[in-house]
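Single-structure report; data block below.
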Amino acid sequence: MDTRKRLKRQSNRKAKIIEAASRLFVQGGLEDLSLTSIARAAGISKGTLYYYYATKEALIFDIAEKHVHDITDFIFDLIETGGPQSDPEDLIRLLFRKHKENHIRMRLHLNLVCQAMNGNDEIKTRYQEIYAYWYARALEAIERLMPDHPDRETLAHLMITTIDGLNVQTMLGVETVAEDDVARYLTARVEGK
């Protein structure tokens, strides 16, 4: 098998493992998640799973990283396809809606954050890195779309915090402020409306 085919096969298998582990994690949490159950759900042998992930923590880190990259890739795809004249309010509104639509990703993220807050220092450290990355990407997007905003750093933090808060409230079934209102408020503050 040539190298490209082998690498593609490995990448596909890894994605399948991450997807299976994500589903199981959301259904039962971290405590009940075992490498054996993940291998079974992914349709592979336990030995094959160990080839990719020797520990559950290594797999959890990859799941968390995939979550963050999915979100940031979405933001930048919107910016790039909309061009530099993209309407910031529309982009923020779409970002909030996209986040809210993916319940599996939302549950996974919140479960991982709970693990980090409840003493899993490895996941906590990883999440500190992930939030720093997410902030940097949000700031980059804001600088591109709203270069004249006087407080881009605060807006980047506020967007991330708002997304986390809306996710928690959505998962708890709490009535939240509408995404349209949040997007309008954030951009009104930006444009001085």
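All heavy atoms count here, side chains included; hydrogens, waters and symmetry mates do not. Residue numbers start at 1 and run along the sequence shown. Every value quoted in this text rests on a predicted model; they were computed, and no experiment measured them.
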Open item on the list: Rounded at 0.5 Å granularity, tell me how far CD in E129 sits from CH2 in W134.
Closed with: 16.0 Å
Task: Gap between atom OG1 of T154 and atom CD1 of I142 - 0.5 Å precision - done: 9.5 Å
- [ ] Among K8, R6, K14, R13, find the residue that satisfies the side chain to side chain contact (heavy atoms under 4.5 Å, CB included) test when tested with Q10.
- [x] R6
Task: More than 12 heavy atoms from other groups under 6.0 Å of NZ on K16 - done: no
In residues 155-163, what donor-acceptor pairs under 3.5 Å come from side-chain atoms, sequence neighbours left out?
| unit_1 | atom_1 | unit_2 | atom_2 | d |
| --- | --- | --- | --- | --- |
| T161 | OG1 | H157 | O | 2.9 |
| T162 | OG1 | L158 | O | 2.6 |

TODO: Indicate whether the side chain of Y131 and that of D164 have a donor and an acceptor atom separated by less than 3.5 Å.
DONE: yes
TODO: Step by step, work out the salt bridge (Lys or Arg N to Asp or Glu O under 4.0 Å) result for R184 and D181.
DONE: CA-CA 5 Å; R184 189 171 26 263; D181 294 338; 2.5 Å; yes
Task: Taking every non-hydrogen atom, the tightest pair across L110 and V168 - done: CD2-CG2, 3.7 Å
TODO: Find the distance between CD1 (I17) and CD1 (I44) and round it off to the nearest 0.5 Å.
DONE: 3.5 Å
Task: Non-hydrogen atoms of L24 and S37 that approach each other most closely - done: CD1-O, 3.4 Å
Open item on the list: List the residues meeting side chain to side chain contact (heavy atoms under 4.5 Å, CB included) with A15, not counting sequence neighbours, and say none if there are none.
Closed with: none
Task: Candidate pair Y185 and D180, rule side-chain contact (heavy atoms from CB on, under 4.5 Å), full reasoning - done: CA-CA 9 Å; Y185 175 78; D180 290 346; over 6 Å; no
Task: Which atom of I63 lies closest to which atom of S22, heavy atoms considered - done: CG2-OG, 3.7 Å
Task: Polar side-chain atom of T170 near backbone of L166 as donor-acceptor pair, under 3.5 Å - done: yes
Task: L35 to A54 - nearest heavy-atom pair and separation - done: CD1-O, 4.0 Å
Task: Residues in salt bridge (charged side-chain N to carboxylate O under 4.0 Å, His left out) contact with D151, at least two apart in sequence or another chain - done: none
Open item on the list: Looking at R144 and E140, is there a salt bridge between them, counting it only when a charged N and a carboxylate O are closer than 4.0 Å?
Closed with: no
- [ ] Look only at the side chain of N120 and the backbone of A116, and say whether a donor-acceptor pair between them is shorter than 3.5 Å.
- [x] no
TODO: Can you run down the salt bridge (Lys or Arg N to Asp or Glu O under 4.0 Å) pairs that involve residues 112-125, sequence neighbours left out, and say none if there aren't any?
DONE: none
Open item on the list: For a quick test of reading the model, state the closest non-hydrogen atom pair linking S45 to T48 and the distance between them.
Closed with: OG-OG1, 2.9 Å
Task: Residues in side chain to side chain contact (heavy atoms under 4.5 Å, CB included) contact with T36, at least two apart in sequence or another chain - done: S34, R40, K46
TODO: For D62 and Y52, test the side chains for any donor-to-acceptor distance below 3.5 angstrom and give the result as yes or no.
DONE: no
Task: Any side-chain heavy-atom pair of F25 and L59 under 4.5 Å - done: no
Task: Residues that R152 engages under salt bridge (charged side-chain N to carboxylate O under 4.0 Å, His left out), provided they are two or more places apart - done: E143
